[in-house]
Amino acid sequence: MIAAVSPSLTELAETCSTLRYANDIKKISCKAVKAVTRTEQLEKELKTAQDEIAKLKAALANAGGGIVDKDGDGMDDSEQVMNLKAQLEEMKAQMSMKDNDPTKELQEQ
């Protein structure tokens, strides 16, 4: 900002007023901010999400791609699923044996 002041004593009041105004204006800061449209904002969020997905995929690949042990019992969850499937098959076999049990037919009569 340029302030025009006068060295004359007759213009002292106006010079002081101009200098006060210039000092007040000097304190004002103005920062330019780019106007962002909703589309640009969504594109930025999408890019951020894609970057995060890529990081997670890389972390999963580095971890061996397996399922981790979430409950702390020493077996990963895929082993637990296999054990549960085996137990289910055993139970089905036991149920089918009970269905074929001849004593059951005698009890019903």
Side-chain angles (χ1 to χ4, degrees):
M1 176 180 185
I2 297 174
V5 293
S6 172
S8 171
L9 284 176
T10 58
E11 304 295 331
L12 182 63
E14 189 173 336
T15 298
C16 288
S17 175
T18 301
L19 292 175
R20 269 190 251 112
Y21 177 76
N23 192 35
D24 290 343
I25 295 300
K26 185 173 69 171
K27 293 178 185 177
I28 297 173
S29 64
C30 181
K31 295 182 181 178
V33 178
K34 180 183 175 186
V36 179
T37 64
R38 181 72 177 148
T39 305
E40 290 172 342
Q41 182 182 7
L42 290 174
E43 287 173 352
K44 183 178 179 182
E45 290 175 8
L46 178 64
K47 176 72 172 146
T48 303
Q50 288 173 339
D51 291 344
E52 185 175 350
I53 289 170
K55 287 179 187 176
L56 292 173
K57 283 183 179 180
L60 184 62
N62 290 338
I67 301 172
V68 294
D69 178 21
K70 294 179 184 172
D71 51 5
D73 63 355
M75 295 190 313
D76 68 9
D77 291 341
S78 61
E79 289 177 10
Q80 288 179 341
V81 169
M82 290 172 41
N83 288 340
L84 290 172
K85 284 182 180 180
Q87 289 175 3
L88 179 63
E89 292 301 320
E90 288 176 19
M91 289 179 172
K92 284 181 180 179
Q94 289 175 358
M95 293 294 287
S96 67
M97 289 175 62
K98 285 183 182 178
D99 289 341
N100 295 335
D101 191 7
T103 57
K104 182 179 175 186
E105 293 177 12
L106 291 175
Q107 290 174 355
E108 290 177 0
Q109 294 176 353

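Predicted model only: the values in this text are computed from it and were never measured. No hydrogens, no waters, no symmetry mates; every other heavy atom, side chains included, goes into these values.
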> Salt bridge or not for Lys47 and Asp51, using N-O below 4.0 Å?
Replying inline: yes
Gln41 meets the side chain to side chain contact (heavy atoms under 4.5 Å, CB included) criterion, sequence neighbours left out, with Val36, Arg38, Glu45
- Message: Can a donor-acceptor pair be found, under 3.5 Å and without considering hydrogens, that links the side chain of Thr48 to the backbone of Lys44?
- Response: yes
One should read off an interatomic distance between Glu90 CD and Leu88 CG, to the nearest 0.5 angstrom, of 10.0 Å
* **Test item: Ile28 and Ile25 side chains (from C-beta on) under 4.5 Å apart, heavy atoms** => yes
Next on the checklist: Any side-chain to backbone donor/acceptor pair from Glu11 onto Ser8? Under 3.5 Å, distance only.
Outcome noted: no
Interatomic distance, CG@Leu60 vs CD1@Ile53, rounded to 0.5 Å, equals 13.0 Å
query = Is the count of non-hydrogen atoms from other residues, nucleotides or ligands lying under 6.0 Å from Glu40 atom CD greater than 12?
reply = yes
For Ala4 and Thr18, the nearest pair of non-hydrogen atoms, with its separation, is O-CG2, 3.9 Å
Leu84 CG: over 12 foreign heavy atoms closer than 6.0 Å
yes
Excluding Leu19, membership of its hydrophobic cluster (Ile, Leu, Val, Met, Phe, Trp, Tyr; side-chain heavy atoms within less than 4.5 Å) reads Val5
